[in-house]
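Heads up: the structure comes next, in structure tokens.
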2 protein chains.
Amino acid sequence: MNTFTEENYLKAIYHLSLQSESVSTNQIAAALNTKAASVTDMLKKLADKELINYAKYQGVTLTPSGEKIAISIIRKHRLWEYFLVEKLNFKWDEVHDVAEELEHISSKELIDRLDNFMGNPRYDPHGDPIPDSNGLFKTHELKPVSALTTNEKGIISGVRDHSSAFLQYLERMQLTIGKTIKVAEINDYDHSVILLVEDKKIHISREVANNLLISI
Amino acid sequence: MNTFTEENYLKAIYHLSLQSESVSTNQIAAALNTKAASVTDMLKKLADKELINYAKYQGVTLTPSGEKIAISIIRKHRLWEYFLVEKLNFKWDEVHDVAEELEHISSKELIDRLDNFMGNPRYDPHGDPIPDSNGLFKTHELKPVSALTTNEKGIISGVRDHSSAFLQYLERMQLTIGKTIKVAEINDYDHSVILLVEDKKIHISREVANNLLISI
DNA sequence: TAAAATTTTTAGATTAGTCTAAAATTATTA
DNA sequence: TAATAATTTTAGACTAATCTAAAAATTTTA
Ligand SMILES: [Mn+2]
Ligand SMILES: [Mn+2]
Ligand SMILES: [Mn+2]
Ligand SMILES: [Mn+2]
């Protein structure tokens with residue numbers, strides 16, 4: 001139907017659209033580790049297929065059919081990640097690259113059966129919501145730990161940085177999805193935060209506080 | 001490491017090698033639904049990578065490293081088929097095409113974990129042996145039902161034809177892997193066979209008898 | 001064993017995706 | 001608002017995989 005590459009472009013545009021409405025050529029090039037010239041070529045092709053709205057120099061948005069494809073790729077990515085962690089005992093920092101391959105397996109029947117096999121999970125191992133078979137899901141609004149003030153509480157529910165380095169760090173600090181945290185103290189000088197997690201004090205930097213997401 | 005296409009060529013050469021020692025350009029072209037000229041181009045590339053032994057006009061054989069890759073693809077194919085049937089409840093005639101995609105997922109860690117998750121099955125849903133993590137497996141020698149004489153018994157253990165049409169036919173006739181059969185009668189004229197399966201008589205044509213494999 | 005048939009390879013194109021370098025457009029800023 | 005900077009597109013080239021048509025090699029057959 002669509003090539004591997006087209007799917008990756010659509011997915012990248014989808015993710016970038018969450019930040020900035022219209023998406024620029026350079027943003028896409030950066031996200032896909034490719035060059036602006038290559039992106040322009042692909043944008044023409046995707047526009048021909050009516051998967052994106054594209055006017056030269058003006059940036060792009062997804063059309064409804066482009067968005068549908070992007071969401072189906074994301075559904076597959078997140079369900080496979082869930083499978084890898086819950087059934088095959090991978091760690092949450094080990095699954096992304098494998099899921100990048102698995103997300104391109106085309107069978108819808110396969111992914112719907114996999115979804116049922118696992119009991120229709122709603123969130124992937126990193127707290128990201130999994131679209132259902134019809135592409136529906138609610139983007140739960142999470143805020144970073146850095147948005148809390150002293151004595152406020154939250155439940156760790158997602159991450160802004162999906163890198164192995166960050167995930168491994170969180171794992172070591174026992175800052176994993178589902179844990180309840182309370183802000184014990186905020187350092188005025190460097191904005192680092194001392195959290196109370198299961199009665200233990202955990203000191204995290206401002207950067208970590210920015211990338212760790214909570215619900216209330 | 002290698003492209004999908006290279007992997008498909010190696011796998012095709014491996015399967016054809018089981019029949020004919022050295023494999024011809026046209027055999028490969030037929031197996032992969034492509035043209036002889038395309039095959040020649042690819043053979044040069046595989047030879048450059050030392051995955052096949054190739055001398056112009058002389059046909060090809062796999063090198064040890066080529067064979068190792070082919071077997072790893074077959075391992076993945078058969079394990080995924082097992083997963084689809086045993087865990088996701090696909091029918092045995094529905095899994096081949098999906099496995100054709102899944103077999104190219106590169107992670108060895110993934111496939112080894114999947115293997116363990118399923119309890120290290122030795123045969124896929126069609127009775128074909130699954131290579132272990134080191135690529136080892138014994139090619140069990142099966143013979144077709146048509147090789148039996150009257151009153152001989154056997155256990156259905158494999159198929160020579162993997163087409164959906166044939167598999168669905170067997171399913172309808174309840175001629176599935178593991179069943180014990182006994183030859184009740186062989187028709188001299190058309191070589192059709194009457195089998196006794198669980199005390200029921202099942203009449204199959206010579207063609208079916210040729211494509212249904214048994215162990216003793 | 002020489003002609004005919006078949007198989008295989010080469011030659012030359014095509015398509016998808018990528019690149020660098022240069023040109024065109026848009027945005028910034030002085 | 002005109003020059004400068006940054007972004008984006010175009011032009012032209014490259015690689016991988018494919019094709020058709022023609023040439024070369026091998027095999028068959030008479
Ligand atoms: Mn991921
Ligand atoms: Mn994830
Ligand atoms: Mn198969
Ligand atoms: Mn099989």
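Just so it is clear: chains get the letters A, B, ... in the order the sequence lines come, proteins before strands, and each one is counted from 1. The structure presented is a predicted model; accordingly, all values stated were derived computationally and were not measured. These values consider heavy atoms only, across backbone and side chains, with no hydrogens, waters or symmetry-generated copies.
- To the nearest angstrom, P of C:dT9 lies 13 Å from CG of B:Leu46.
- Contact check, B:Thr25 against C:dT9: a side-chain N or O comes under 4.0 Å of OP1 or OP2.
- Atom CG of A:Leu43 is separated from atom C1' of D:dT9 by 11 Å (rounded to the nearest Å).
- For residues 7-21 of chain A, proximity to DNA chain C is found at A:Tyr9, defined as any non-hydrogen atom under 4.0 angstrom from a strand atom.
- Applying the 4.0 Å criterion to OP1 and OP2 of C:dA21, one finds that A:Lys35 has every side-chain N and O outside that range.
- For the ring pair (Phe, Tyr, Trp, His ring centres under 6.0 Å) with A:His77, the lone residue among A:His96, A:His162, A:His126 that qualifies is A:His96.
- Checking the phosphate oxygens (OP1, OP2) of D:dT7, no side-chain nitrogen or oxygen of A:Ser24 falls inside 4.0 Å.
- Put simply, A:Asn26 has no side-chain N or O that comes within less than 4.0 Å of OP1 or OP2 on D:dA6.
- Distance CD1 (A:Ile52) to C1' (D:dT8): 14 Å, rounded to an integer number of Å.
- Atom CD of A:Gln27 and atom C1' of D:dA6 are 14 Å apart (whole Å).
- Under a 4.0 Å N-O distance rule, the pair A:Arg75/A:Asp112 qualifies as a salt bridge.
- Of the side-chain N and O atoms in B:Thr34, one or more sit less than 4.0 angstrom from OP1 or OP2 of D:dC19.
- Checked for salt-bridge contact, B:Glu7 and B:Lys11 miss the test: no charged N lies under 4.0 Å from a carboxylate O.
- The CE-P distance, from A:Met42 to C:dC19, rounds to 11 Å in whole Å.
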For B:Asp41 and B:Lys35, run salt bridge (charged side-chain N to carboxylate O under 4.0 Å, His left out): C-alpha distance rounded to whole Å, both residues' side-chain angles, the deciding distance at 0.1 Å, then the answer.
CA-CA 10 Å; B:Asp41 284 346; B:Lys35 295 297 151 71; over 6 Å; no
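- With a 3.5 Å ceiling on both atom-pair distances, the Watson-Crick or G-U wobble partner of D:dA30 is C:dT1.
- When heavy atoms are screened at a 4.0 angstrom cut-off, A:Tyr54 is found touching the sugar-phosphate backbone but no base atom.
- Looking at heavy-atom distances under 4.0 Å, B:Ser38 makes contact with a base.
- Residue B:Thr5 is classed as a sugar-phosphate contact, given heavy-atom separations below 4.0 Å to backbone atoms only.
- The aromatic rings of B:His104 and B:Phe4 sit parallel, their planes meeting at an angle under 30°, below the 60° perpendicular limit.
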What protein N or O atoms touch nucleotides 22-27 of chain C N or O atoms at under 3.5 angstrom, if any, and at what distances?
residue: C:dT25; atom: O4'; partner: A:Tyr57; partner atom: OH; Å: 3.4

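- Remark: the backbone N or O of A:Val208 is paired with a side-chain donor or acceptor of A:Ser205 at under 3.5 angstrom.
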